[in-house]
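As the structure is a prediction and not an experimental result, all values here were calculated from the model. Just follow the structure's listing: the first ligand is 1, and inside any ligand the first atom is 1. Any value given below was found using the heavy atoms of this structure, including those in side chains, with hydrogens, waters and symmetry copies removed.
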Amino acid sequence: MRIGLIGGSGLYEIEGLETTKEVSVATPYGEPSAVYKIGTIGAKEIIFLSRHGAHHNIPPHKINYRANIWGFKHLGVERIISVNSVGGINKNLSPGDIVLPDQIIDLTLGARESTFYDKDTVIHVDFTNPYCPEMGEVLIKASHAVKLPIKTSGTYVCTNGPRLETAGEIRFFSIIGADVVGMTAMPEAALARELEICVSGISVVTNPAAGTSEEKLTVTEVIETMKKSAERIKSLIKEAVVTIPSSRNCPCKDALKDAEL
Ligand code: HPA
């Protein structure tokens with residue numbers, strides 16, 4: 001069983017991951033963000049990909065999400081843990097908090113290549129619950145084991161970026177029920193579902209969302225908070241990887257059943 005790990009801003013590698021090999025994958029959709037680093041945590045094989053490129057030179061709206069996810073499938077990955085940074089909209093969230101989102105509002109639709117099925121096959125995958133429930137449970141148990149308090153649910157609103165939001169947009173997102181805002185959860189999660197790969201998102205609140213604090217929002221703050229949170233995230237991931245069951249017992253693995261027209 002191979003587990004994919006997507007690192008975002010401030011999480012470019014994972015210590016304890018003994019990298020044994022680096023592989024470039026050529027995909028029908030072009031180039032993935034970087035080489036895939038294959039390694040192990042305990043007895044589990046992990047494949048790491050840096051979402052924004054090895055040198056953080058790919059902005060969220062230019063990421064080749066299809067190539068990234070196709071590459072994971074090609075390498076035999078069945079589950080992906082996807083780490084991202086977010087702005088906190090919900091007043092109960094502060095920088096440094098870790099959220100496992102269970103819902104997504106996608107505001108990137110139409111702006112990004114968001115499906116593998118745009119030619120001859122018409123597929124509508126069920127996406128009621130965008131993240132894998134089984135992996136969610138594993139991560140929650142892992143957080144208890146490593147004594148790391150996390151928020152076990154939340155709605156992630158995904159904007160296209162690269163600009164940050166206006167205060168008015170954040171007020172609107174709050175009214176429609178969003179807890180956090182980021183730029184990378186979509187179409188990543190939907191593409192994985194189309195290839196029957198499970199995904200769990202780990203969102204790190206790196207800043208109060210626009211207009212919710214007096215401070216000016218800066219990228220330095222985002223990266224600094226992410227760096228400070230890296231150790232906690234890594235310990236959570238290591239514990240989750242070690243305890244994840246080897247066979248899947250979730251709806252994601254059968255996402256294409258009854259999904260074709
Ligand atoms: N908005 C959008 N994306 C983000 C933010 C934000 O405030 N912080 C980190 N990623």
Checklist entry - Is it true that L256 and V199 fall in one hydrophobic cluster, defined by side-chain heavy atoms closer than 4.5 Å? => result yes
Checklist entry - Listed by chain and number, what are the salt bridge (charged side-chain N to carboxylate O under 4.0 Å, His left out) partners of E134, not counting sequence neighbours? => result R79
Next on the checklist: Checking R2 now: which residues fulfil salt bridge (charged side-chain N to carboxylate O under 4.0 Å, His left out) with it, not counting sequence neighbours?
Outcome noted: E45
Checklist outcome for this item: Residues at least two apart in sequence or cross-chain that pass salt bridge (charged side-chain N to carboxylate O under 4.0 Å, His left out) with E196, listed by chain then number, are none
Checklist entry - L236 and L93: same hydrophobic cluster, using ILVMFWY side-chain contacts below 4.5 Å? => result no
Checklist entry - Yes or no on salt bridge (charged side-chain N to carboxylate O under 4.0 Å, His left out) for R66 and D118, after CA distance, side-chain angles and deciding distance? => result CA-CA 12 Å; R66 291 200 296 185; D118 53 3; 3.4 Å; yes
Checklist outcome for this item: Using heavy atoms and a strict 4.0 Å limit, residues surrounding ligand 1 turn out to be S85, V86, G87, L164, E165, V181, G182, M183, T206, N207
